[in-house]
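Structure, as structure tokens:
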Amino acid sequence: MKKRPALRDAAAVLAVMPTVLWAQAMEADAQAASDTGNTVTIVASRGIEVRPAITPSQTLSGAELVHRRQGGLGETLAGLPGVHLDSFGGGASRPVIRGQTLPRIEILSDGAALFDVSSVSPDHAVTTDPLLLDAIEIIRGPAAIRYGGNAVNGAINLIDSKVPTRLPAGGLSGATEVRYGTGDDEKTAVGRVTAGMGRLAIHAEGVRRHAGNYKVPGAHGTDKLPDSFAANTSYSVGASWITSKGYLGAAFTRMKSSYGLPGHSHLNGVCHTHDLDLHCTAHGGFDDPFGSPDSHTASIELRSDRFDVRADYADLLPGISHTRLRLSHTDYAHDEIDGAMLFTRYTNKVSDGRLELTHRPLLGFTGTLGAQYTDGTFSGINVEDLHVPFPDNAYGLVPPFHHLTRNVGLFLSERRSFGAVDLDFAVRKDWREMRVAAPTFLATMTPEYEAMFTEELGSDWRQILEADYVDDFFRKNPATRHNPVSASLGAIWNAGQGYSVGLSFGHTERAPNVRELYARGNNLSTNSYELGLAVNNPVFQQSRRPVEDVLESTDSIDLTLRKTGGPLEAEIGVFYQDVGDYIFARLIETERATGVAHNFLAYTAADVRFAGIDGQVSYQVTPASRITVSGDHVHARMKSGADHLPRIPRGRLGARYERSWGPLSADLEVSRTFGQGRIASYETETAGYNMVNATVAYRIDMGLPKPVEFYARGTNLTNELAYAHTSFVKNQSPLRGRSIAFGMRHVF
């Protein structure tokens, strides 16, 4: 209860920021400190809009991105306004925007969806390596109109160079980097090069990173977190044909990763249900699929191959000022291994195409018409016994079970200026079908058993059994169709002298994902047994509604206050979301028979609301120094029932000071993440914590065309024991202890 005043103070500080901004309206401009060695220029040909966004947005690039980069996307972005961390050791981390993570935010690769399985479970890594990115765009607030209902809380766009968009100056450009981290014995090497030959640009890049178990404060009970190791190898080759009007290019990217799963236990692999009773003791046909000690290391071995085709062209068609094409094919797979046992395998093969046409001004409006088609095949959920051989004299269905998704989306956005006011409206409609393919039927009968079945069922006994099993499987895993529609209306008032106010109203519909629909079994990474909406879920069936009626619908209001230019710059976002049919896992019971708590969770829908504020204010103290104050706060409430939503971050306040002295630069960050006592029935309270980070960098002229930069980045310098309330395994997997990353980087 003592935490509430601190949280009110956090909200109060952010609430008065607009007043501070207007008080500084007449301040003179100041020259910002330069960083020519690390600046990344983002051009309009990449599809990045140069006009102000209605909802808050931020681009992380240049030196700040270089120094903040970690092995995972979530760790890299954690600490930015409105962005928290859903961590799972050193190998998997997902960003949390305004209290929500995947599948309610969308991860994009240069404007095209990034297809992995990170939205299915928190122990699954996002398939990108921040060390190979030029910039990261973060959109807080609904981006669903352009990217679909999964972007209801925001979108993260990963900007890279694997498909070149321009010819390198002088015919050759590139970068190299090496780094070492003390907290996990990290060793990393990065290289990239782009060569130009006439109108052809060829690009190659790669990274190799190896990190051991990371250090944690001794108060956790150990100095290093077991099974928090991570290793990664990524490379990409691409080429583009570049003209004065645009480019057409393609690239192939391969990522291989191996990382541990701290806190993983297979003891609850024996858990099963009898109606709404969770039972975690072996009996009858319900056996322990592992039958071994729970001391083995659990890990994930991941491989992702992706082909991309990208094109951006100006004036390609009459009346069309810009044409944008994104084609991709992803072949993803990862194995989940416990000791020497392969207990499950996830795969995701997706082909995706996206075309956007931006028309010339028509009746004062400019806008973009787009279409997207996605065809995917996914497998992996509800399986954790691949290591168990199929028995003799048995019959049944064997994994993998393939979930097929087809989605067609059409969207339109238009904008027009009325003096100082820019009006913006957009709409998107999707048609999605998800079904399960007929699984493989296997019968391993000896001649004696075959004779017995032939006598009882006839010579076609195998076909009869297969038909019965497959029909029953389809009854338990029905096909679903959802047709979500999203729309928004917003305006920006450009008040002059760099000030603007944006206000938007949105209605976003999100269809449930594959786990929310078809989960029926144990998820050992989160120590839970889960029932999806479509699998004879008795909790959801109490609503007497067909699953196709469930569309998570969000009505939102976003207010954005922004100041750009001059010594004072700021962006503050205030939001309110009224969500109908919010899909979440409701606790039925907790079973502790194995000694490890196992939650029985059934997906259902309820009405909830979110409200919050996030943003930052920065002031250029001198031409070489800047101070920034940032913060965020989210409040979530169920409209019915006595429970609270799980894993909602409470709030955070922070400050950052940057200073440069010619080739030397440094920054210091201090933040307070407040404790969370407003918890779901199966959660525990999380204490607040302080975080201190700092960076020192120095550029040295070594006779090369551009200087070499040496840097040191320290995180959690006070070595504070910190647990992220947003993590599924917060108690087993605390945040990193004190660590310093030393690096050397050269751009040429």
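Numbers for residues simply follow the sequence, beginning at 1.
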Problem - Asn693 side chain reached by Leu717 side chain, heavy atoms, under 4.5 Å - result: no
Problem - Residues Arg586 and Asp643 bridged, charged N to O under 4.0 Å - result: no
Problem - Check: His334 ring centre within less than 6.0 Å of Tyr332 ring centre - result: yes
Side-chain donor-acceptor pairs of residues 283-290 under 3.5 Å, sequence neighbours excluded:
residue, atom, partner, partner atom, Å
His283, NE2, His272, NE2, 3.0
His283, NE2, His274, NE2, 3.3
His283, NE2, His279, ND1, 3.2
Asp288, OD1, Phe290, N, 2.9
Asp288, OD1, Gly291, N, 3.4
Asp288, OD2, Gly291, N, 3.3

Practice task
Please say whether more than 12 non-hydrogen atoms of neighbouring residues, nucleotides or ligands are located less than 6.0 Å from NZ in Lys349.
Solution key: no
Exercise for the section: State, to 0.1 Å, how close Asp338 and His266 come at their nearest heavy-atom pair, and which atoms those are. Expected result: OD2-ND1, 2.7 Å
Practice task
Please confirm whether the backbone N or O of Gly183 pairs with a side-chain atom of Arg736, one donor and one acceptor, at under 3.5 Å?
Solution key: no
Handout entry: Pairs involving residues 256-279, ordered by first then second residue, that meet salt bridge (charged side-chain N to carboxylate O under 4.0 Å, His left out) (sequence neighbours left out)
Key = none
Completion exercise
CG of Asn716 to OH of Tyr689, rounded to nearest 0.5 Å, is 9.5 Å
Practice task
Report yes if the side chains of Pro95 and Ile107 come closer than 4.5 Å at any heavy-atom pair, otherwise no.
Solution key: yes
Problem - side chain to side chain contact (heavy atoms under 4.5 Å, CB included) between Phe674 and His633, worked out - result: CA-CA 10 Å; Phe674 299 102; His633 176 68; over 6 Å; no
Practice task
Flag the pair Met255 / Thr128 as yes when at least one side-chain heavy-atom distance between them is below 4.5 Å, and no otherwise.
Solution key: no
Practice task
Give a yes or no on whether the backbone of Arg510 and the side-chain of Glu552 come within a donor-acceptor separation of less than 3.5 Å.
Solution key: no
Practice task
Determine the interplanar angle of the Phe600 and Tyr529 rings, folded into 0 to 90°, and report it as parallel if under 30°, tilted if 30 to 60°, perpendicular if over 60°.
Solution key: perpendicular
Handout entry: Rounded distance (nearest 0.5 Å) linking atom CG of Asp184 with atom CZ of Arg209
Key = 6.0 Å
Handout entry: Crowding at CZ, Arg208 (>12 non-hydrogen neighbours, <6.0 Å)
Key = no
Exercise for the section: Report yes if the distance between the aromatic ring centroids of His124 and Phe378 is under 6.0 Å, otherwise no. Expected result: no
Completion exercise
Closest heavy-atom pair, Glu516 versus Pro512, reported as atoms and distance to 0.1 Å, is OE1-CA, 3.3 Å
Practice task
Pick out which of Arg650, Arg140, Arg652 makes a side-chain hydrogen bond (donor to acceptor under 3.5 Å, both in side chains) with Asp632.
Solution key: Arg652
Problem - Heavy-atom pair with the smallest gap, counting every atom of Ile648 and Gln676 - result: O-NE2, 2.7 Å
Handout entry: Polar side chain donor-acceptor pair, Ser379 to Thr347, under 3.5 angstrom
Key = yes
Exercise for the section: May I ask you to check whether Asn153 and Gln577 show a side-chain donor-acceptor distance below 3.5 Å? Expected result: yes
Handout entry: Thr590 side chain to Asn599 side chain, donor-acceptor N/O pair below 3.5 angstrom
Key = yes
Problem - Side chain proximity check, Gln100 to Val152, heavy atoms < 4.5 angstrom - result: no
Handout entry: Test item: side-chain donor near acceptor, Ser525 and Ser121, under 3.5 Å
Key = yes
Fill in the blank from the handout: CZ of Phe115 to CZ of Arg306, rounded to nearest 0.5 Å, is 7.0 Å
Exercise for the section: Could you go through the side chain to side chain contact (heavy atoms under 4.5 Å, CB included) check for Asp116 and Ser304 one step at a time? Expected result: CA-CA 8 Å; Asp116 49 32; Ser304 177; over 6 Å; no
Handout entry: Euclidean distance, Arg637 CZ relative to Phe610 CZ, rounded to 0.5 Å
Key = 11.5 Å
Exercise for the section: In sequence, state the C-alpha distance, the side-chain angles, and the governing distance for Phe401 and Tyr518, and then conclude on ring pair (Phe, Tyr, Trp, His ring centres under 6.0 Å). Expected result: CA-CA 11 Å; Phe401 307 122; Tyr518 296 109; over 10 Å; no
Practice task
Looking only at non-hydrogen atoms, find the nearest pair between Pro262 and Pro226 and report the distance.
Solution key: CB-O, 3.5 Å
Handout entry: Aromatic contact, Tyr395 with Tyr469 (centres under 6.0 Å)
Key = yes
Handout entry: Sub-4.5 Å side-chain heavy-atom contact between Thr726 and Thr101
Key = no
Handout entry: Geometric cation-pi criterion Arg545 and Phe540, 6.0 Å radius, 45° cone
Key = no
Practice task
Look up atom CG in Asn522 and atom CD1 in Ile381, then write down how far apart they are to the nearest 0.5 Å.
Solution key: 13.0 Å
Handout entry: Pair Arg69, Thr76: side-chain N/O donor-acceptor within cut-off below 3.5 Å
Key = no
Practice task
Examine distances only and state if a side-chain atom of His482 and a backbone atom of Val547 form a donor-acceptor pair shorter than 3.5 Å.
Solution key: yes
Practice task
Answer whether the closest heavy-atom distance between the side chains of Arg713 and Arg179 falls below 4.5 Å.
Solution key: no
Exercise for the section: Take Asp607 and Lys639 through the salt bridge (Lys or Arg N to Asp or Glu O under 4.0 Å) test and state the conclusion after the steps. Expected result: CA-CA 6 Å; Asp607 296 337; Lys639 292 185 175 181; 5.9 Å; no
Exercise for the section: Keeping the roles fixed (side chain from Ser727, backbone from Ser87), state whether a donor-acceptor pair exists under 3.5 Å. Expected result: yes
Problem - Exam field: side chain Arg672 to backbone Gly651, donor-acceptor pair closer than 3.5 Å - result: no
Handout entry: Distance-only polar pair, side chains of Ser528 and Asn523, donor-acceptor under 3.5 Å
Key = no
Practice task
Can you establish whether the number of heavy atoms outside Arg609 located under 6.0 Å from its atom CZ is more than 12?
Solution key: yes
Practice task
Check for a donor-acceptor pair, side chain of Asn213 on one end and backbone N or O of Phe229 on the other, with a separation under 3.5 Å.
Solution key: yes
Exercise for the section: Check Ser93 against Leu73 and note the closest heavy-atom contact, atom names and distance. Expected result: OG-N, 3.8 Å
Handout entry: Asn536 vs Arg520 side-chain heavy atoms within contact, under 4.5 Å
Key = yes
Exercise for the section: Verify the distance criterion only: is there a donor paired with an acceptor across the side chains of Thr182 and Lys215 at less than 3.5 Å? Expected result: no
Practice task
Go through the steps for His220 and Leu225 under the test side chain to side chain contact (heavy atoms under 4.5 Å, CB included), then give the verdict.
Solution key: CA-CA 9 Å; His220 180 66; Leu225 183 65; 4.0 Å; yes
Fill in the blank from the handout: For Ala92 and Asp123 the tightest heavy-atom approach is CB-O, 3.6 Å
Exercise for the section: Quick one: do Lys730 and Glu683 satisfy side chain to side chain contact (heavy atoms under 4.5 Å, CB included)? Show the steps, please. Expected result: CA-CA 10 Å; Lys730 67 165 187 178; Glu683 291 186 301; 5.8 Å; no
Practice task
Would you please test Glu384 and Thr344 for side chain to side chain donor-acceptor pair (under 3.5 Å) and show each step?
Solution key: CA-CA 5 Å; Glu384 66 255 350; Thr344 192; over 6 Å; no
Problem - Inter-residue atom distance Gln70.CD - Ser739.OG, 0.5 Å rounding - result: 7.5 Å
Exercise for the section: Please examine the side chains of Leu278 and Ile588, heavy atoms only from C-beta on, and report whether any two atoms are closer than 4.5 Å. Expected result: no
